[in-house]
Amino acid sequence: MPTQYTPADVEGPLYERWVERGYFAADDKSEKPPYTIVIPPPNVTGSLHLGHAFEHTIIDSLTRRKRMQGYEVLWQPGMDHAGIATQNVVERELAKEGKSRHDLGREAFVERVWQWKAESGGQISGQMRRLGDGVDWSRERFTMDEGLSQAVQTIFKRLYDDGLIYRAERIINWCPRCLTAISDIEVEYQDDEGELVSIRYGEGDNAIVVATTRAETMLGDTAVAVHPDDERYKHMVGTEIELPLTGRRIPIVADAHVDPEFGTGAVKVTPAHDPNDFEIGQRHDLPAITVLDEHGVITAHGPFLGLDRFEARSAIVGALRAEGRIVAEKRPYVHSVGHCSRCKTTIEPRLSMQWWVKVAPLAKAAGDAVRDGSVKIHPEEMEPRYFAWVDNLRDWCISRQLWWGHRIPVWYGPNGEIVCVGPDEEPPTGEGWHQDTDVLDTWFSSGLWPFSTLGWPGQTPSLEKFFPTSVLVTGYDILFFWVARMMMFGLYAMDGTPPFHTIALHGMVRDQFGKKMSKSFGNAVNPLDWMDAYGADALRFTLARGANPGTDVPIGEDWVQGSRNFCNKVWNATRFALMNGATVEGPLPAAEQLSAADRWILSRLNSTVAEVDALYDDYQFAKLTDALFHFAWDEVFDWYVELTKSTLAEGGPAADVTRRVLGEVLDVTLRLLHPITPFVTETLWTALTGGESVVIAEWPADSGFRDAVAEREIELLQQVITEVRRFRSDQGLKPGQKVAARLTLEGTSLVAHEGALRSLARLTPAEEGFHATATLPIAGATVALDLSGAIDVEAERKRLSKDLAAAEKELAQAEAKLGNEAFVAKAAPAAVDKIRGRLAKATEDIERLTAQLEALPKA
RNA sequence: GGGCGCAUAGCUCAGCGGUAGAGCGCUGCUCUUACAAAGCAGAUGUCGGCGGUUCGAAUCCGUCUGUGCCCA
């Protein structure tokens with residue numbers, strides 16, 4: 001075995017072997033209890049980024065542990081078709097050839113998208129193998145697959161028949177670049193610099209001033225609205241004024257929605273281009289005049305025809321200024337503006353006919369499932385956010401003016417007929433019948449993911465075995481986008497059974513300074529680079545160690561390097577064990593045969609198993625990973641392995657016992673680490689145990705073995721060794737330098753550990769002519785050292801004085817507390833006892849340190 | 001504008017009522033035969049400010065300041 005672990009040599013072959021042997025395949029017919037997690041489907045256009053790596057590390061560790069615990073595990077892989085994103089990618093490809101999708105026509109274009117997917121889509125699947133994801137590849141699904149498309153059509157039909165899907169003309173969020181409607185949550189608001197202009201409508205006494213950031217829409221104004229109680233305008237309500245530039249006469253209406261405090265208290269009303277105005281228009285039966293086309297270009301006849309909306313804005317303000325109608329201008333005026341989440345283009349509210357889901361009853365059920373505890377959100381602090389959203393949900397616009405996606409299964413007849421066609425029905429044919437040209441929102445299909453991937457609407461054995469799924473692991477950022485949709489659809493389609501019982505939310509990956517990673521900021525990291533440099537395990541370990549529930553995880557290269565060092569440390573400790581004949585053969589020797597060190601480490605091992613188990617069940621990945629890190633490094637590697645050295649060197653039956661315990665400790669530790677660092681543990685575990693694979697090994701169970709006496713005994717030993725080392729270090733001795741020492745250990749538990757003490761503190765026996773130049777009293781024992789010459793008295797005086805000062809401070813604090821009658825009377829007895837113990841300890845320390853100081857030769 | 005968080009060692013974060021912790025970084029000394037991707041030892045904090053509750057507050061409450069996110 002080389003002295004360094006080289007991940008690149010083992011990771012690829014190990015993964016292929018796992019897949020070939022079918023470890024990750026989920027069996028419908030298994031008798032084992034099921035454990036199911038569906039992958040949050042990555043976008044078919046995407047490649048693996050740190051966010052995926054993070055999420056997959058969490059899911060993989062959960063599923064690997066459950067597999068080891070004897071569950072029939074299904075980690076369901078797949079991708080979604082990402083309607084807008086994918087169509088954009090292929091349209092850009094076409095543009096390079098000088099073509100648009102319209103040149104190809106719908107059918108050929110969709111064919112072209114499939115071709116693109118076959119050639120360059122789904123890169124992420126290959127990259128997931130690098131990470132070690134234990135998914136069942138034989139079950140990989142895509143939202144546009146035949147079966148999943150059937151599921152979409154089925155649920156559409158069912159919702160339609162139940163009156164939960166309807167068609168209506170409303171204001172929607174329109175992206176003039178993607179040329180499609182998008183839903184409310186696909187709009188990102190940000191503060192932009194715009195302008196607020198105040199325009200005088202009408203003349204003389206009959207004039208009224210309105211303020212707007214969107215002057216260009218004034219061409220479509222059909223009213224001016226004021227608050228009904230606004231005394232300034234009461235007399236004008238019901239009258240008409242002339243709309244500038246157009247000559248049209250529009251009414252002044254009173255509407256409670258108007259904020260009298262904003263601007264002049266009068267607003268222009270453009271029902272076709274603003275959601276609030278649309279509602280005002282409905283209440284007052286106003287016409288809606290569309291003045292912008294799908295590209296955001298002015299369609300109103302006149303001098304502005306053909307101008308883009310932003311050009312039109314300044315042109316119209318200019319024209320109004322020329323007429324002397326601009327009363328005030330505020331520029332820049334910072335206000336919140338909606339942008340397309342896909343392409344960042346400013347959203348254009350647009351009046352159009354779309355399909356909608358009536359969400360109220362669905363959202364109610366989705367909220368209730370969490371409220372009544374049938375679904376738990378981890379961490380709980382995220383619940384209010386979920387409720388706030390789900391309880392105030394507006395109807396969901398599901399139609400998209402795209403070609404790539406699930407086409408809406410509705411046919412229109414020559415006489416205005418509308419027929420929704422189910423998956424087993426034939427669409428109407430004949431003269432004048434045609435299908436709706438729109439497709440459905442991608443989230444509509446991914447909302448079915450937890451059961452459509454299992455074969456629903458068919459009553460398949462997979463659905464039977466693996467639904468409902470166990471846990472949903474996803475980022476809090478898509479709680480609304482995806483989780484809520486799965487809850488709504490799942491409860492509806494599966495007769496009230498939620499699609500999962502637990503939602504475990506994680507945060508976003510950030511850079512080492514806690515900054516959001518972004519390509520434009522230049523701090524984005526390709527996880528593949530780090531895996532190349534440090535191994536998949538190192539990346540996984542780093543991510544797991546940062547995974548506090550629901551909070552963001554910062555990551556930097558230094559940290560991955562640190563994790564790589566940890567993996568290497570595990571490698572070398574196991575290497576040591578193998579070189580020294582550690583074994584897992586035969587039963588563990590009975591407690592009477594074990595040394596104190598053996599009993600101590602086995603006690604700590606079992607405590608660690610219990611601790612890690614509890615933390616896993618609570619989705620506390622950072623804590624459990626940290627617990628494993630410290631147990632492995634600080635206890636097993638730094639102390640237990642060191643303690644075995646003297647025993648192993650002595651040989652005999654004691655060494656055999658130690659070899660067995662060492663084998664046991666490493667076996668269990670490797671199994672505990674396996675879900676987080678699968679590759680290095682597989683390599684080492686198979687070498688150590690000769691077993692087939694740690695992937696299918698049994699998850700460690702707490703044997704219940706505890707030994708508080710041994711724990712105290714080893715702690716004392718550690719304390720003495722550290723004390724001697726500290727003295728040596730203070731005295732400037734080289735670490736390897738042997739020092740003659742006379743040990744007086746009688747009456748303490750250290751008697752049995754003289755060998756270990758001498759070996760770890762580098763102390764040789766006192767021989768002829770031994771002359772103690774320093775004496776260290778520690779915990780009832782003394783260590784006398786012969787430094788063969790003068791010791792550094794000043795260094796020692798400094799050290800002792802510092803410790804004395806600390807002990808005196810401690811004493812003073814304890815005395816003050818115990819002198820406080822209220823404390824003694826009211827505090828818990830255990831707390832008081834603790835302080836008394838501290839007082840005693842401090843008193844002892846002061847005596848000892850004072851004596852040592854006095855014993856020092858005078859300078 | 002509304003809501004939710006967060007402010008703890010140089011950096012990133014745990015701790016959330018009873019003596020301040022981790023990783024990385026830092027300072028010494030070492031290639032001591034598992035490991036220099038390491039070992040040993042060490043230093044570092046009025047726990048954002050101000051009030052309050054309590055015998056006792058980093059931890060609970062109020063308030064201010066700073067900062068982040070979500071929604072409108």
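Chain identifiers are assigned alphabetically (A, B, ...) following the order of the sequence lines, protein sequences preceding nucleic acid strands; residue numbering begins at 1 within each chain.
Residues A:Arg726 and A:Glu723 are paired through a salt bridge, judged by an N-O separation under 4.0 Å between the basic side chain and the carboxylate. Ion pairing of A:Lys344 with A:Glu188 is present here, as a side-chain N (NZ or NE/NH1/NH2) and a carboxylate O approach within less than 4.0 Å. Salt-bridge formation is detected for the pair A:Lys841/A:Asp845: a Lys NZ or Arg NE/NH1/NH2 atom is positioned less than 4.0 Å from an Asp or Glu carboxylate oxygen. In this structure, A:Glu754 pairs ionically with A:Arg758, as a charged nitrogen and a carboxylate oxygen lie closer than 4.0 Å.
Pairing analysis of RNA chain B (Watson-Crick: purine N1 to pyrimidine N3 plus N6-O4 or O6-N4; G-U wobble: N1-O2 and O6-N3; both under 3.5 Å) yields stems of 3 or more pairs at B:1-7 with B:65-71, B:10-13 with B:21-24, B:26-30 with B:38-42, B:48-52 with B:60-64.
One atom, CG of A:Leu628, and another, P of B:rA14, lie 19 Å apart when rounded to the nearest Å. To the nearest angstrom, C1' of B:rC29 lies 11 Å from CD of A:Gln737. One can place NZ of A:Lys515 at 16 Å from C1' of B:rC13, the figure rounded to the nearest angstrom. Going from atom CZ of A:Arg394 over to atom P of B:rC71 covers 13 Å, rounded to whole Å. Nucleotide B:rU12 holds its P atom 13 Å from the CG atom of A:Asp558, rounded to whole Å. The separation between A:Asp730 atom CG and B:rC40 atom P is 16 Å, rounded to whole Å. One can place CG of A:Leu479 at 18 Å from P of B:rC69, the figure rounded to the nearest angstrom. Rounded to whole Å, the distance from CZ on A:Arg836 to P on B:rU19 is 16 Å.
Between the A:Ser729 side chain and the A:Arg725 main chain, no donor and acceptor come within less than 3.5 Å of each other.
Contact annotation: A:Asn565 side-chain N/O to B:rC35 OP1/OP2 distance is not under 4.0 Å. The phosphate of B:rG39 has OP1 or OP2 within less than 4.0 Å of a side-chain N or O from A:Trp633. Contact check, A:Arg762 against B:rU32: no side-chain N or O comes under 4.0 Å of OP1 or OP2. Checking the phosphate oxygens (OP1, OP2) of B:rU19, a side-chain nitrogen or oxygen of A:Arg838 falls inside 4.0 Å. The shortest distance between the side-chain N/O atoms of A:Thr722 and the OP1/OP2 oxygens of B:rA41 is below 4.0 Å.
Contacts of A:Tyr5 with the nucleic acid, taken as non-hydrogen atoms under 4.0 Å apart, include base atoms. As judged by a 4.0 angstrom heavy-atom cut-off over every strand, A:Glu642 is placed among the base-contacting residues.
Ring-plane geometry between A:Phe629 and A:Phe541 is classed as tilted, the angle between the planes lying from 30 to 60 degrees on a 0 to 90 degree scale.
For A:Gln561 against B:rA37, a side-chain-to-base donor-acceptor contact under 3.5 Å is absent. In terms of polar N and O atoms assigned as donor or acceptor, the side chain of A:Lys645 comes within less than 3.5 Å of the base of B:rA34 in a complementary pairing. Interface remark: the A:Lys569 side chain does form a donor-acceptor pair with the B:rC35 base, using a distance-only criterion of under 3.5 Å. A:Arg726 contributes no side-chain N or O that forms a donor-acceptor pair with the base of B:rA41 under 3.5 Å. Taking only distance into account, the side chain of A:Gln620 never meets the base of B:rA14 through a donor-acceptor pair shorter than 3.5 Å.
Checking A:Glu186 against A:Ser183 by side-chain atom types alone, a donor-acceptor pair falls below 3.5 Å.
Taking only side-chain atoms of A:Lys516, from C-beta outward, the nucleotide of B:rC69, B:rA72, B:rU30 with the closest atom is B:rC69.
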